[in-house]
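For the numbers below, each heavy atom of this structure counts, side chains included, while hydrogens, waters and symmetry mates do not. Start at 1 with the first residue, then count along the sequence.
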Amino acid sequence: MKNLSTKFHRHSHHHTQESQNQLEKEAIEEEQEQQEEKARCEWDFSLTTIVSSGNNNISNTPAISDALGVIEFDQTNSIIATGGIARKIRIYNFKSLFAHENTSQNAHEITCLDHARACDYYICTPAKLSSIRWKPRSDGRVLGSGDYDGVVMEYSLERRIPIFERDEHGGRRVWSVDYSLWDPVLGASGSDDGTMQMWDTRCESGEGVATVQPGVGRSAVCCVEFNPFGGPIVAVGCADRRVYGYDIRMTGDPVFVLDGHRKTVTYIKFLDNVTLVSASIDGCLKLWDSDNSNVIRSYKGHVNSRSFIGLSVWRNGGLLGCGSENNKVFVYDRRWGEPIWVHESNPVGRDGCGGGFVSSVCWRQVEEDQCTLVAGGSDGDLQVFQGRRKS
């Protein structure tokens, strides 16, 4: 006699497995929806301070000579340095931008300052600056820079003079500089000459350690970042639309290649040891898993087709910040592909960019339930935003 009960139980088990898989899928989708909803509604942001260049005119035409290209907090998150077209490194004490908090009765009042009053001091530089970076283990006393003339320099903030100069990119613009935390004697620079060069910061002339040509056809290297968590990896973004990761102990071949942007990669940032965020003039940010070189998520909403608009990640809260060519500041949550907050700096013209654009951003890397984002514009203005996690 045939065992009909066995056949019945097999079919029943198969049906039960399908139902379980469907339930698991629905549970995952529901959790994703909850995470996205939480990302959309979790934060309140407000503009607290504007530091004006003082050169804005009635026609609202950006003061090109004051355009800010880079903003950096020091390791203590108490000092801000800015650089750009004005050939000046400006140094600000973060607390001085919030001196009004003790006396103001209105929590939403915006403090308006100018650079002359807000800036502690400035250092004149011989060329326009595209990148600055605080040197590790210098106790905030040394700041490195890369400029439009292809020169890497370091400045003593105590003496307010240059103390190091390296000119190995053949006069081609240096887009990015950074320092390694894994090997603190190493610095790196990326340039229009199509190379990423690593050098020894202990040598007066910056003895070359390695020269890497990552892009196809010597395409420009637009961004360089060492793993800030102390690993031996350096990430390099190029005009060939790719991001390359190299082990600084052996730079012959990349350990990963991130390929997914449609145009030049302008910024690359580590969110954690293996997760990176890139920006491109294709108008989107991308979140990557460097272990398998896969895109985790893309972020769209800002406008970016030709300019460097800044990119910064707040690692404690998983937030991404960038500028936009329609003069807006955008904040994304890593869990959701659309912006969770947008701020328009100034009215724009009919072409969508008549009022300039937001050209640089930087998160303050402290706390978890409140955050600070500083943005700079092509008009030379600094804006300070504060965010608080909703209870």
Can a donor-acceptor pair be found between the side chains of [X] and [Y] at a distance below 3.5 Å?
| X | Y | result |
| --- | --- | --- |
| Asp272 | Thr275 | yes |
| Tyr244 | Asp240 | yes |
| Arg389 | Gln370 | no |

Electrostatic pair [X]:[Y] at N-O distance under 4.0 angstrom:
| X | Y | answer |
| --- | --- | --- |
| Asp282 | Lys263 | no |
| Asp44 | Arg388 | no |
| Arg335 | Glu42 | yes |

| request: Kindly indicate, with the supporting measurements, whether the criterion ring pair (Phe, Tyr, Trp, His ring centres under 6.0 Å) is fulfilled by His115 and Tyr122. | output: CA-CA 10 Å; His115 289 299; Tyr122 64 86; over 10 Å; no
Practice problem: Look at the rings of Tyr332 and Phe330 and say which category their plane angle falls in: under 30° parallel, 30 to 60° tilted, over 60° perpendicular. | Solution: parallel
Is there a path from [X] to [Y] through hydrophobic residues (I, L, V, M, F, W, Y) whose side chains come within less than 4.5 Å of each other?
| X | Y | answer |
| --- | --- | --- |
| Val313 | Tyr267 | yes |
| Val257 | Val224 | yes |
| Tyr299 | Val331 | no |
| Val274 | Phe229 | no |
| Trp341 | Ile110 | yes |

Could you grab the distance from atom [atom1] of [X] to atom [atom2] of [Y], nearest 0.5 Å is fine?
| X | Y | atom1 | atom2 | result |
| --- | --- | --- | --- | --- |
| Ser138 | Leu157 | OG | CG | 7.5 Å |
| Asp379 | Asp66 | CG | CG | 8.5 Å |
| Ile132 | Ile89 | CD1 | CD1 | 6.0 Å |
| Leu113 | Cys119 | CG | SG | 11.5 Å |

Quick one, [X] and [Y] - any side-chain contact, counting heavy atoms below 4.5 Å?
| X | Y | value |
| --- | --- | --- |
| Thr372 | Phe385 | no |
| Met198 | Thr251 | yes |
| Ser191 | Val221 | no |
| Lys286 | Val277 | no |
| Leu382 | Ile50 | no |
| Lys269 | Glu225 | yes |
| Ile71 | Ile80 | yes |
| Glu325 | Ser305 | yes |

Query raised in the report: Where do Ser293 and Trp288 land on the side chain to side chain donor-acceptor pair (under 3.5 Å) test, with the steps shown first?
Result: CA-CA 7 Å; Ser293 298; Trp288 304 86; over 6 Å; no
Could you go step by step and tell me if Ser290 and Phe270 meet the side chain to side chain contact (heavy atoms under 4.5 Å, CB included) rule? CA-CA 10 Å; Ser290 63; Phe270 281 84; 5.9 Å; no
Under the 3.5 angstrom rule, does the side chain of [X] hit a backbone N or O of [Y] as a donor-acceptor pair?
| X | Y | answer |
| --- | --- | --- |
| Thr48 | Val384 | yes |
| Arg242 | Pro214 | no |
| Asp333 | Trp336 | no |
| Thr49 | Thr111 | no |
| Ser131 | Val177 | yes |
| Thr195 | Thr211 | no |
| Tyr246 | Phe256 | no |
| Ser156 | Arg159 | yes |
| Asn77 | Arg364 | no |
| Arg297 | Arg334 | yes |

Residue set satisfying ring-ring contact (aromatic ring centres under 6.0 Å, His included) with Trp175, at least two apart, ordered chain then number -> Phe308
Please name the pair of heavy atoms, one in [X] and one in [Y], separated by the smallest distance, quoted to 0.1 Å.
| X | Y | result |
| --- | --- | --- |
| Arg133 | Tyr179 | O-CE1, 3.7 Å |
| Ile281 | Ser307 | CG2-O, 3.9 Å |
| Ala188 | Met196 | CB-SD, 4.0 Å |

Identify whether NZ of Lys or CZ of Arg in Arg160 sits under 6.0 Å from the centre of the six-membered ring of Tyr121 and within 45° of that ring's axis.
-> yes
From the list Trp314, Phe94, Trp134, Trp363, ring pair (Phe, Tyr, Trp, His ring centres under 6.0 Å) with Phe73 holds only for Phe94
